[in-house]
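This report concerns only the one structure given below.
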Amino acid sequence: MNQRETIELLARSEDQISPGISACLGCNVELTLRTCMQVLGPNTIFAIPPGCMGGVGVVGWDKQSGAKIPVFFPLLDNPASMLAGIKMHYDRIGEDVNVVAFAGDGASVDCGFQALSGAAERDDKIIYICYDNEGYMNTGYQRSGSTTKGAWTSTTPVSKDGKGGKKQNKKDMPMIMAMHDLPYMATMSPAFIPDMVTKLEKAKAVKSGLVYLHVYNPCVTGWGFKSDESIELCRLSVETNYAPLFEVENGKFTLNRSLDNPKPLGDFIKRFKKFRHLGDEEIAALQELCDSKAERLRNLAAL
(Lines give C-alpha, C1' and ligand atoms only; values in the text may rest on other atoms or scores of the structure.)
Protein backbone atom coordinates (compact mmCIF):
# COMPACT_ATOMS: atom_id res chain seq x y z
CA MET A 1 0.00 0.00 0.00
CA ASN A 2 1.49 3.36 -1.04
CA GLN A 3 1.18 6.75 0.63
CA ARG A 4 -1.78 7.92 -1.49
CA GLU A 5 -3.74 4.69 -0.95
CA THR A 6 -3.09 4.93 2.78
CA ILE A 7 -4.32 8.52 2.97
CA GLU A 8 -7.46 7.64 1.03
CA LEU A 9 -8.17 4.59 3.21
CA LEU A 10 -7.73 6.46 6.48
CA ALA A 11 -9.77 9.38 5.17
CA ARG A 12 -12.66 6.99 4.46
CA SER A 13 -12.32 5.32 7.87
CA GLU A 14 -14.17 6.78 10.82
CA ASP A 15 -11.89 8.07 13.55
CA GLN A 16 -12.60 5.90 16.59
CA ILE A 17 -11.00 8.26 19.13
CA SER A 18 -12.86 11.42 20.10
CA PRO A 19 -10.99 14.75 20.34
CA GLY A 20 -9.23 15.56 23.60
CA ILE A 21 -6.46 12.99 23.74
CA SER A 22 -3.81 13.56 26.41
CA ALA A 23 -0.64 11.76 25.27
CA CYS A 24 2.76 13.25 26.09
CA LEU A 25 3.92 15.78 23.50
CA GLY A 26 5.91 14.01 20.80
CA CYS A 27 4.78 10.51 21.76
CA ASN A 28 3.43 8.46 18.86
CA VAL A 29 1.21 6.22 20.98
CA GLU A 30 -1.85 8.26 19.99
CA LEU A 31 -0.98 8.12 16.28
CA THR A 32 -0.44 4.36 16.50
CA LEU A 33 -3.61 3.62 18.47
CA ARG A 34 -5.69 5.90 16.24
CA THR A 35 -4.40 4.15 13.11
CA CYS A 36 -5.01 0.70 14.59
CA MET A 37 -8.59 1.61 15.53
CA GLN A 38 -9.34 3.14 12.13
CA VAL A 39 -8.04 0.18 10.14
CA LEU A 40 -9.52 -2.54 12.36
CA GLY A 41 -12.84 -0.71 12.37
CA PRO A 42 -15.80 -0.34 14.74
CA ASN A 43 -16.43 -4.09 14.98
CA THR A 44 -13.59 -4.31 17.48
CA ILE A 45 -13.00 -4.56 21.23
CA PHE A 46 -9.76 -3.17 22.66
CA ALA A 47 -8.09 -4.11 25.94
CA ILE A 48 -5.56 -1.53 27.17
CA PRO A 49 -3.74 -2.69 30.32
CA PRO A 50 -1.91 -0.31 32.72
CA GLY A 51 0.75 1.76 31.00
CA CYS A 52 1.33 4.78 28.79
CA MET A 53 -1.61 3.84 26.57
CA GLY A 54 -3.97 5.13 29.25
CA GLY A 55 -2.51 8.58 28.60
CA VAL A 56 -4.08 8.95 25.18
CA GLY A 57 -7.34 10.09 26.72
CA VAL A 58 -9.51 7.06 26.00
CA VAL A 59 -9.84 6.67 29.76
CA GLY A 60 -12.19 9.64 29.73
CA TRP A 61 -10.19 12.12 31.76
CA ASP A 62 -11.38 15.00 29.62
CA LYS A 63 -14.95 15.94 28.79
CA GLN A 64 -14.44 15.13 25.09
CA SER A 65 -12.10 12.18 25.52
CA GLY A 66 -12.94 8.57 24.93
CA ALA A 67 -13.18 5.94 22.24
CA LYS A 68 -16.18 5.30 20.02
CA ILE A 69 -15.61 1.55 20.15
CA PRO A 70 -15.59 -0.71 23.25
CA VAL A 71 -12.41 -0.32 25.30
CA PHE A 72 -11.75 -1.86 28.69
CA PHE A 73 -8.83 -1.44 31.05
CA PRO A 74 -7.77 -4.65 32.83
CA LEU A 75 -6.03 -4.08 36.15
CA LEU A 76 -3.40 -6.74 35.47
CA ASP A 77 -0.81 -6.84 32.69
CA ASN A 78 -2.07 -10.09 31.18
CA PRO A 79 -4.64 -8.96 28.57
CA ALA A 80 -4.07 -11.99 26.34
CA SER A 81 -5.75 -14.36 28.81
CA MET A 82 -8.76 -12.06 29.26
CA LEU A 83 -9.24 -11.50 25.54
CA ALA A 84 -9.29 -15.26 24.92
CA GLY A 85 -12.40 -15.54 27.07
CA ILE A 86 -14.07 -12.56 25.39
CA LYS A 87 -13.38 -13.98 21.93
CA MET A 88 -14.77 -17.36 23.03
CA HIS A 89 -18.01 -15.68 24.14
CA TYR A 90 -18.55 -13.93 20.81
CA ASP A 91 -17.75 -17.12 18.91
CA ARG A 92 -20.43 -18.94 20.95
CA ILE A 93 -23.10 -16.40 20.02
CA GLY A 94 -22.00 -16.39 16.37
CA GLU A 95 -20.57 -12.86 16.16
CA ASP A 96 -17.25 -12.22 14.40
CA VAL A 97 -15.59 -9.46 16.46
CA ASN A 98 -11.97 -8.30 16.35
CA VAL A 99 -10.59 -8.75 19.86
CA VAL A 100 -7.43 -6.68 20.28
CA ALA A 101 -4.84 -6.02 22.99
CA PHE A 102 -2.89 -2.75 22.83
CA ALA A 103 -0.23 -3.32 25.47
CA GLY A 104 3.14 -1.87 26.36
CA ASP A 105 6.37 -3.80 26.65
CA GLY A 106 5.89 -4.53 30.37
CA ALA A 107 2.52 -6.16 29.74
CA SER A 108 3.99 -8.17 26.87
CA VAL A 109 7.69 -8.83 27.41
CA ASP A 110 7.75 -9.33 31.18
CA CYS A 111 4.76 -9.83 33.49
CA GLY A 112 2.28 -10.54 30.69
CA PHE A 113 4.47 -12.84 28.61
CA GLN A 114 3.20 -16.14 30.01
CA ALA A 115 -0.40 -15.20 29.18
CA LEU A 116 0.67 -14.10 25.69
CA SER A 117 2.66 -17.27 25.05
CA GLY A 118 -0.23 -19.37 26.32
CA ALA A 119 -2.66 -17.62 23.98
CA ALA A 120 -0.31 -18.40 21.09
CA GLU A 121 -0.10 -22.04 22.12
CA ARG A 122 -3.91 -22.32 22.20
CA ASP A 123 -4.29 -20.57 18.82
CA ASP A 124 -6.60 -17.99 20.41
CA LYS A 125 -8.07 -15.77 17.69
CA ILE A 126 -6.92 -12.39 18.98
CA ILE A 127 -4.75 -9.55 17.69
CA TYR A 128 -2.01 -8.59 20.13
CA ILE A 129 -0.24 -5.25 19.57
CA CYS A 130 2.87 -4.56 21.66
CA TYR A 131 3.85 -0.90 21.89
CA ASP A 132 7.55 -1.05 22.72
CA ASN A 133 9.22 2.01 24.27
CA GLU A 134 11.86 -0.07 26.07
CA GLY A 135 10.83 0.58 29.65
CA TYR A 136 8.19 1.17 32.29
CA MET A 137 6.92 4.68 33.04
CA ASN A 138 4.86 4.11 36.19
CA THR A 139 7.27 5.70 38.70
CA GLY A 140 10.03 7.00 36.46
CA TYR A 141 11.64 5.38 33.44
CA GLN A 142 12.43 1.86 34.69
CA ARG A 143 14.23 -1.10 33.16
CA SER A 144 12.17 -3.79 31.44
CA GLY A 145 13.05 -6.94 29.53
CA SER A 146 12.75 -4.80 26.41
CA THR A 147 15.37 -2.26 27.52
CA THR A 148 18.54 -2.32 25.42
CA LYS A 149 21.84 -3.40 26.97
CA GLY A 150 23.83 -0.48 28.35
CA ALA A 151 20.86 1.88 28.68
CA TRP A 152 20.36 4.17 31.63
CA THR A 153 17.08 3.80 33.50
CA SER A 154 16.06 4.80 37.01
CA THR A 155 16.58 1.17 38.06
CA THR A 156 19.84 0.70 36.10
CA PRO A 157 21.50 4.03 36.91
CA VAL A 158 24.84 5.33 35.61
CA SER A 159 27.49 6.71 37.96
CA LYS A 160 29.43 9.93 37.42
CA ASP A 161 32.32 8.01 35.89
CA GLY A 162 30.01 6.55 33.23
CA LYS A 163 29.72 3.09 34.74
CA GLY A 164 26.39 1.29 34.87
CA GLY A 165 23.38 0.85 32.68
CA LYS A 166 21.51 -2.36 31.93
CA LYS A 167 23.76 -5.43 31.87
CA GLN A 168 21.52 -7.79 29.89
CA ASN A 169 20.60 -7.90 26.20
CA LYS A 170 17.14 -6.79 25.10
CA LYS A 171 14.58 -9.58 24.81
CA ASP A 172 13.80 -10.01 21.10
CA MET A 173 10.00 -10.29 21.28
CA PRO A 174 9.25 -10.25 17.51
CA MET A 175 11.56 -13.23 16.99
CA ILE A 176 10.27 -15.01 20.11
CA MET A 177 6.69 -14.66 18.92
CA ALA A 178 7.61 -15.69 15.37
CA MET A 179 8.95 -18.94 16.81
CA HIS A 180 5.47 -19.67 18.21
CA ASP A 181 4.43 -20.59 14.63
CA LEU A 182 1.77 -17.89 14.45
CA PRO A 183 -0.27 -17.37 11.29
CA TYR A 184 1.01 -13.79 11.19
CA MET A 185 3.64 -11.71 13.01
CA ALA A 186 4.95 -8.31 11.96
CA THR A 187 6.96 -5.34 13.15
CA MET A 188 5.65 -1.82 12.51
CA SER A 189 6.75 1.80 12.96
CA PRO A 190 4.80 5.08 13.25
CA ALA A 191 7.30 6.52 10.74
CA PHE A 192 6.01 4.12 8.05
CA ILE A 193 2.22 4.43 8.18
CA PRO A 194 1.51 2.77 4.78
CA ASP A 195 3.44 -0.30 5.94
CA MET A 196 1.54 -0.23 9.25
CA VAL A 197 -1.83 -0.05 7.50
CA THR A 198 -0.98 -2.94 5.18
CA LYS A 199 0.04 -5.11 8.13
CA LEU A 200 -3.08 -4.23 10.11
CA GLU A 201 -5.20 -5.22 7.11
CA LYS A 202 -3.38 -8.56 6.95
CA ALA A 203 -3.87 -9.07 10.68
CA LYS A 204 -7.57 -8.34 10.34
CA ALA A 205 -7.88 -10.94 7.55
CA VAL A 206 -6.42 -13.82 9.60
CA LYS A 207 -9.21 -16.32 10.26
CA SER A 208 -7.72 -18.41 13.07
CA GLY A 209 -4.83 -18.18 15.50
CA LEU A 210 -3.10 -15.35 17.35
CA VAL A 211 -1.61 -12.40 15.49
CA TYR A 212 1.29 -10.50 17.05
CA LEU A 213 2.23 -6.95 15.93
CA HIS A 214 5.26 -5.21 17.44
CA VAL A 215 5.39 -1.40 17.24
CA TYR A 216 8.72 0.18 18.13
CA ASN A 217 8.86 3.79 19.31
CA PRO A 218 11.31 5.71 21.55
CA CYS A 219 9.85 7.35 24.67
CA VAL A 220 10.37 11.14 24.73
CA THR A 221 10.48 11.34 28.53
CA GLY A 222 12.41 8.15 29.25
CA TRP A 223 14.90 8.29 26.39
CA GLY A 224 15.56 12.02 26.56
CA PHE A 225 15.20 13.81 23.22
CA LYS A 226 13.26 16.74 21.73
CA SER A 227 9.60 15.98 21.12
CA ASP A 228 9.67 17.28 17.53
CA GLU A 229 12.30 14.64 16.64
CA SER A 230 10.05 11.68 17.41
CA ILE A 231 9.05 10.57 13.91
CA GLU A 232 12.56 11.23 12.57
CA LEU A 233 14.03 8.97 15.26
CA CYS A 234 11.44 6.26 14.59
CA ARG A 235 12.54 6.34 10.95
CA LEU A 236 16.20 6.24 11.95
CA SER A 237 15.59 3.19 14.15
CA VAL A 238 14.53 1.34 10.99
CA GLU A 239 17.27 2.79 8.76
CA THR A 240 20.00 1.66 11.19
CA ASN A 241 18.48 -1.86 11.52
CA TYR A 242 17.93 -1.19 15.23
CA ALA A 243 14.24 -2.00 14.67
CA PRO A 244 13.91 -3.58 11.19
CA LEU A 245 10.57 -3.94 9.46
CA PHE A 246 9.69 -7.53 8.60
CA GLU A 247 6.77 -9.97 8.72
CA VAL A 248 6.27 -13.70 9.09
CA GLU A 249 3.28 -15.29 7.37
CA ASN A 250 2.79 -18.98 8.24
CA GLY A 251 6.51 -19.40 8.84
CA LYS A 252 7.71 -17.42 5.80
CA PHE A 253 9.96 -14.44 6.68
CA THR A 254 9.74 -11.36 4.46
CA LEU A 255 11.83 -8.19 4.77
CA ASN A 256 9.67 -5.09 4.23
CA ARG A 257 12.74 -2.89 3.87
CA SER A 258 16.26 -3.79 2.78
CA LEU A 259 18.73 -4.49 5.56
CA ASP A 260 21.68 -3.68 3.28
CA ASN A 261 23.72 -0.48 3.63
CA PRO A 262 22.20 0.66 6.95
CA LYS A 263 23.15 3.92 8.60
CA PRO A 264 25.64 3.55 11.50
CA LEU A 265 23.92 2.61 14.74
CA GLY A 266 25.77 5.41 16.51
CA ASP A 267 23.79 7.92 14.44
CA PHE A 268 20.71 6.66 16.29
CA ILE A 269 21.72 5.89 19.86
CA LYS A 270 23.89 8.99 20.32
CA ARG A 271 20.73 11.08 19.98
CA PHE A 272 19.38 9.86 23.35
CA LYS A 273 20.15 10.78 26.93
CA LYS A 274 19.88 7.19 28.12
CA PHE A 275 22.87 6.18 25.94
CA ARG A 276 25.11 9.24 26.34
CA HIS A 277 27.42 7.52 28.82
CA LEU A 278 28.39 4.84 26.30
CA GLY A 279 31.87 5.00 24.80
CA ASP A 280 33.03 3.92 21.36
CA GLU A 281 33.74 0.38 22.56
CA GLU A 282 30.21 -0.11 23.96
CA ILE A 283 28.63 1.38 20.84
CA ALA A 284 30.74 -0.93 18.65
CA ALA A 285 29.50 -3.93 20.65
CA LEU A 286 25.88 -2.86 20.12
CA GLN A 287 26.61 -2.35 16.42
CA GLU A 288 27.98 -5.91 16.23
CA LEU A 289 24.86 -7.28 17.91
CA CYS A 290 22.61 -5.27 15.56
CA ASP A 291 24.54 -6.51 12.50
CA SER A 292 24.30 -10.10 13.73
CA LYS A 293 20.52 -9.88 14.10
CA ALA A 294 20.22 -8.31 10.64
CA GLU A 295 22.24 -11.16 9.13
CA ARG A 296 20.00 -13.70 10.84
CA LEU A 297 16.94 -12.00 9.36
CA ARG A 298 18.51 -12.00 5.89
CA ASN A 299 19.15 -15.73 6.16
CA LEU A 300 15.61 -16.47 7.36
CA ALA A 301 14.09 -14.37 4.55
CA ALA A 302 16.23 -16.25 2.02
CA LEU A 303 14.80 -19.65 3.00
Side-chain angles (χ1 to χ4, degrees), residues 23-30 32 48-56 76-78 102-114 116 129-176 187 189-190 214-227 229-234 236-238 240-243 265-290 293:
C24 297
L25 185 65
C27 177
N28 294 311
V29 67
E30 179 269 332
T32 303
I48 303 180
C52 292
M53 279 57 67
V56 302
L76 302 177
D77 278 337
N78 60 345
F102 194 89
D105 58 76
S108 312
V109 179
D110 294 330
C111 48
F113 176 70
Q114 181 56 52
L116 174 57
I129 303 169
C130 174
Y131 193 85
D132 182 5
N133 62 14
E134 294 197 345
Y136 301 108
M137 282 297 293
N138 50 345
T139 55
Y141 190 70
Q142 300 173 344
R143 170 205 188 279
S144 80
S146 189
T147 305
T148 297
K149 185 176 183 178
W152 170 93
T153 72
S154 60
T155 48
T156 58
V158 175
S159 60
K160 291 182 179 180
D161 59 359
K163 304 294 184 181
K166 188 186 174 189
K167 304 301 183 185
Q168 301 80 19
N169 286 329
K170 172 175 176 150
K171 190 183 292 186
D172 192 343
M173 277 299 290
M175 194 62 69
I176 290 171
T187 62
S189 170
H214 196 92
V215 186
Y216 181 75
N217 183 68
C219 169
V220 178
T221 305
W223 288 46
F225 60 92
K226 295 180 180 178
S227 59
E229 299 175 336
S230 186
I231 288 293
E232 175 195 353
L233 292 171
C234 284
L236 195 56
S237 72
V238 175
T240 57
N241 288 341
Y242 186 82
L265 184 61
D267 291 355
F268 177 66
I269 64 175
K270 287 180 179 179
R271 301 278 292 271
F272 305 105
K273 178 182 177 181
K274 74 171 187 172
F275 289 127
R276 285 178 191 159
H277 60 285
L278 296 181
D280 292 341
E281 186 176 337
E282 290 89 351
I283 293 174
L286 288 176
Q287 178 73 70
E288 184 177 350
L289 179 61
C290 188
K293 289 186 175 183

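Remember, predicted model here, so these are calculated numbers, not experimental data.
Taken from OH in Tyr216 to CG in Asn133, the straight-line distance is 9.0 Å, to the nearest 0.5 Å. How far OG of Ser237 is from CD1 of Ile269: 12.5 Å, rounded to the nearest 0.5 Å. Here the straight-line distance linking atom CD of Gln168 with atom NZ of Lys149 works out to 8.5 Å at 0.5 Å rounding. Here Leu236 contributes atom CG and Ile231 contributes atom CD1; the two are 12.5 Å apart, rounded to the nearest 0.5 Å. With rounding to the nearest 0.5 angstrom, the OG atom of Ser108 is 10.5 Å from the CD1 atom of Ile129.
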Between Lys171 and Ile176, is a side chain to side chain contact (heavy atoms under 4.5 Å, CB included) present by the stated rule, with each step listed? CA-CA 8 Å; Lys171 190 183 292 186; Ile176 290 171; 3.4 Å; yes

Evaluate salt bridge (Lys or Arg N to Asp or Glu O under 4.0 Å) for Lys170 paired with Asp132, printing each intermediate quantity in order. CA-CA 11 Å; Lys170 172 175 176 150; Asp132 182 5; 2.8 Å; yes

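Of all the heavy atoms in Pro190 and Thr32, the pair that sits closest is CG-OG1, 3.8 Å. Across all non-hydrogen atoms, the minimal contact from Gly135 to Asp105 is N-OD2, 3.1 Å. Nearest heavy-atom pair, Gly145 versus Val109, reported as atom, atom and distance to 0.1 Å: C-CG1, 3.8 Å.
For the pair Lys274 and Trp223, the cation sits on the ring face: its NZ or CZ lies under 6.0 Å from the ring centre, inside 45° of the axis.
Not a single side chain to side chain donor-acceptor pair (under 3.5 Å) links Thr147 to another residue, sequence neighbours left out. The side-chain contact (heavy atoms from CB on, under 4.5 Å) search around Thr155 returns Gln142, Arg143, Thr153, not counting sequence neighbours.
You'll find the side chain of Cys234 reaches within 4.5 Å of the side chain of Asn28, heavy atoms only. When side chains are defined from C-beta on, Ser230 does not count as touching Pro218, because their heavy atoms never get closer than 4.5 Å.
With His214 contributing its side chain and Met175 its backbone, the two residues share no donor-acceptor pair below 3.5 Å. Although no hydrogens or angles enter the test, the distance criterion places no donor-acceptor pair under 3.5 Å between the side chain of Asp77 and the main chain of Gly112. No donor-acceptor distance shorter than 3.5 angstrom exists from the side chain of Thr156 to the backbone of Trp152, with no hydrogens or angles considered. Looking at Ser154, its side chain does come within 3.5 Å of a backbone N or O of Tyr141 through a donor-acceptor pair. Without hydrogens or angle criteria, Tyr131 side chain to Val29 main chain gives a donor-acceptor distance under 3.5 Å.
When Asp267, Leu286, Leu233, Thr148 are each tested for a side chain to side chain contact (heavy atoms under 4.5 Å, CB included) with Tyr242, only one passes: Thr148.
Using a 4.0 Å cut-off between a side-chain N of Lys or Arg and a carboxylate O of Asp or Glu, Arg271 and Glu232 qualify as a salt bridge.
Between Phe275 and Phe268, the gap from one ring centroid to the other reaches at least 6.0 Å.
For Asp161, the CG atom counts as densely surrounded, since its 6.0 Å shell holds more than 12 non-hydrogen atoms of other residues, nucleotides or ligands.
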